[in-house]
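Inspection log for the structure reproduced underneath, given as structure tokens.
Numbering of ligands and ligand atoms starts at 1, following listing order. Only this structure's heavy atoms are used, side chains among them; waters, hydrogens and symmetry mates stay out.
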Amino acid sequence: MTQLNTPYPSTAYLTGFLRSRGVDAVQEDIALGLVLELFSPAGLRAIRECVDELPAGDRAPVVVGFCEHFDRYLATITPAVAFLQGRDPSIGYRICGRDFLPEGPRFAVLDDFIDEDGGDPLAWAFGSLGVQDRARHLATLYLNDLADVLREAVDPRFEFVRYAESLAHSQASFDPLAEALAAPQTLVDSTLEALTQEAVERNEPKIVLLSVPFPGSVYAAFRMAHAIKARYPEIVTVLGGGWVNTELRELKEPRVFDYFDFVSLDDGERPLLALFEHLDGDGQDLNLVRTFIRIDGEVRYCNAVQPDVPFADVGTPTWDGLPLDRYLSVLDMLNPMHRLWSDGRWNKLTVAHGCYWKKCSFCDVGLDYIGRYDGAPAEILADRIEAVLEETGQSGFHFVDEAAPPKALKALAEELQRRNRAISWWGNIRFEKSFTPELCIQLADSGCIAISGGLEVASDRLLKLMKKGVSVGQVARVTRAFSEAGILVHAYLMYGFPTQTVQDTVDALEYVRQLFVEGCIQSGFFHRFTCTVHSPVGLNPAEYGITLKPLPPITFATNDVDFIDPCGVDHDALGLALDKALYNFMHGVGLDEDVRTWFDQPVPKSRVGRHFIAKALQASSDLDS
Ligand code: SF4
């Protein structure tokens with residue numbers, strides 16, 4: 001339950017690694033299978049049966065529309081899904097005609113773009129020729145309507161990219177998850193369990209590893225483990241992945257081990273090798289690495305000291321076994337950069353392990369996936385790229401590093417150019433000085449089409465406090481260099497950082513406005529700051545002027561921690577204004593207006609000079625000339 005357009009990389013990495021060590025490993029993407037099953041004619045009939053059990057008075061408009069046009073939905077679901085999978089492009093012409101797919105409440109968004117002359121409301125985004133993209137957007141709205149029906153009539157916890165997220169996110173106690181697992185199954189649950197059993201019968205595994213990257217994949221993983229243990233108690237089940245690495249470090253809950261025999265932290269390679277040795281032996285030795293087990297009803301953490309497998313030796317990921325032609329490229333956001341996250345199939349790789357900077361005070365820098373930096377020579381990376389290209393036949397790569405190092409990117413670009421290898425790629429970076437205009441052009445030549453990086457709170461005072469190591473002027477210069485090289489730029493933005501005042505927020509929005517005006521960035525996203533227990537802010541709150549609220553006793557998950565900021569700013573209300581402004585900026589709207597107009601409450605005038613960014617850019621080009 002992560003994304004629909006491309007496989008999550010963890011299983012590809014582990015499968016590649018395990019095969020390189022002679023282990024007979026296979027992978028399955030049950031999350032994709034679940035969506036394809038529910039959004040099929042049989043799935044829609046099953047949803048319809050659930051709808052029919054609802055009292056007529058309890059049906060939301062989207063459900064009523066689903067029933068009225070049920071035959072049409074049945075007729076269109078297979079071609080619409082095939083279209084989004086890229087397997088049936090010609091149906092796009094019918095979709096664009098607007099009387100093929102039934103249109104529910106989600107299509108109301110098109111009214112925002114109504115052409116006053118009665119013309120095409122999407123012409124501004126797709127022109128008169130963009131049939132495929134236009135149809136992709138319409139088919140996405142259609143699927144979103146169906147997901148709303150599913151939520152209304154079957155299971156309110158369902159979303160395409162997460163399921164029952166609140167049961168796992170920073171849940172100190174296992175009780176809510178245990179109750180949900182004991183409750184009667186919904187159609188989503190029973191479909192998930194059936195798919196799991198089919199996968200087990202197909203592969204007959206001895207060991208099943210479940211990877212849970214985010215809280216929104218945890219409940220489903222427990223459901224799947226339940227399905228396995230109920231029928232095949234002899235199969236060993238192991239839980240790992242990003243959510244475990246972040247949130248389960250203080251695990252004390254024995255009931256978790258009714259579902260999983262082992263829970264492993266951080267990179268899986270070394271713990272799995274140790275686990276296999278343990279299972280091959282008599283089970284007595286506990287030479288396990290970063291692994292929780294239950295012994296005599298108590299949870300025990302075993303961590304025999306063994307070196308991690310170096311990044312250069314983890315092998316090449318493999319997508320073998322995953323149905324690459326069945327992933328769905330959806331188009332929700334009509335912004336050229338935003339769409340990259342949900343549209344197109346990207347081979348996900350990392351340029352290095354961890355973050356070379358590892359200083360930002362809001363980030364989990366103490367955790368292995370950030371704090372342990374380990375690179376690999378450009379030749380090895382290029383070999384991996386070529387192997388993946390050969391296997392998948394797809395030349396798009398998403399480098400999913402937290403922050404890919406400029407030196408490594410430069411070396412990789414040189415290697416790709418030396419091999420005359422044509423690919424396209426995008427990834428996360430820090431907006432640091434070493435991304436010169438020359439390097440940006442070189443990266444573009446090597447296939448870079450987009451980059452994303454953190455500007456966080458656009459305020460030099462707060463950037464310093466968060467140890468981001470960049471200034472607003474520097475971000476302007478670096479992002480402009482990328483944009484001028486033809487590379488799209490996305491900025492991660494933040495609000496609600498400790499000591500951030502209303503004035504800081506207004507000023508930050510003014511900087512962001514100017515960055516759009518000057519063509520430095522093309523998209524962005526405002527995240528609300530959350531304090532995590534593993535970050536420098538969470539570990540030393542007094543340094544940041546805040547007090548942490550006490551946490552409940554932790555037996556299960558822990559991550560976010562509430563805090564008191566004496567500033568007392570209502571960040572929720574400001575956040576709405578920031579989102580509204582950014583959404584409009586991304587569509588080129590409202591860029592000339594005073595940023596105060598986006599706020600519903602009175603806010604002070606920005607202290608930022610109206611041409612601050614233009615001047616910062618001018619100063620740097622004067623220096624260059
Ligand atoms: S926020 Fe990004 S750049 Fe900063 S330490 Fe974390 S991963 Fe590194």
Side-chain angles (χ1 to χ4, degrees), residues 9-10 213-214 241-243 245-247 249 266-267 308 311 337 341 348-376 398-410 426-435 439 443 448 450-472 474-479 482 489-498 500 508 512 521 523-541 543-544 559-561:
S10 56
F214 306 112
W243 173 80
N245 306 341
T246 309
E247 299 215 19
R249 305 194 84 87
D266 301 331
D267 284 9
D308 268 303
F311 181 64
M337 172 87 209
W341 274 276
K348 293 186 186 248
L349 284 182
T350 48
V351 173
H353 180 284
C355 172
Y356 68 102
W357 175 253
K358 53 185 165 188
K359 288 186 197 163
C360 302
S361 59
F362 55 84
C363 179
D364 288 349
V365 292
L367 296 185
D368 183 80
Y369 80 100
I370 304 277
R372 185 168 61 80
Y373 179 69
D374 183 16
H398 181 192
F399 297 138
V400 290
D401 300 72
E402 302 296 323
K407 258 194 197 161
L409 287 178
K410 182 172 176 22
W426 58 294
N428 299 326
I429 55 146
R430 285 179 64 243
F431 294 128
E432 65 163 80
K433 284 201 274 289
S434 37
F435 287 108
L439 178 55
L443 296 180
C448 180
I451 51 106
S452 53
L455 169 56
E456 319 304 353
V457 182
S459 148
D460 284 342
R461 176 182 79 82
L462 290 166
L463 283 167
K464 210 165 166 194
L465 185 62
M466 52 177 72
K467 300 193 177 65
K468 190 73 202 173
V470 299
S471 65
V472 178
Q474 179 182 321
V475 171
R477 288 185 284 276
V478 172
T479 52
F482 275 111
V489 181
H490 173 90
Y492 292 110
L493 302 161
M494 183 187 281
Y495 67 99
F497 194 74
Q500 182 171 351
V512 170
I521 60 177
S523 79
F525 190 83
F526 270 108
H527 300 258
R528 172 77 187 261
F529 167 76
T530 44
C531 183
T532 71
V533 292
H534 309 292
S535 67
V537 177
L539 293 168
N540 309 297
E543 270 183 36
Y544 300 88
N559 194 40
D560 297 355
V561 50

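Between the side chains of D308 and H353, no donor-acceptor pair of N or O atoms lies under 3.5 Å. Under 3.5 Å, the side chains of N428 and S452 contain a donor-acceptor pair of N or O atoms.
The aromatic rings of H527 and Y492 lie tilted to each other, with the angle between the two planes from 30° to 60°.
For D364, there are no salt bridge (Lys or Arg N to Asp or Glu O under 4.0 Å) partners at least two apart in sequence or on another chain.
Taking the six-membered ring for Trp, W426 and H490 have ring centres at least 6.0 Å apart.
Residue-and-atom listing of protein N/O/S atoms under 2.8 Å from atom 4 (Fe) of ligand 1, sorted by chain and number: C360 SG.
If you number the atoms of ligand 1 from 1 as listed, the ones under 4.0 Å from a heavy atom of F362 come out as 1 (S).
D460 contributes a side-chain N or O that, together with a main-chain N or O of V472, makes up a donor-acceptor pair within less than 3.5 Å.
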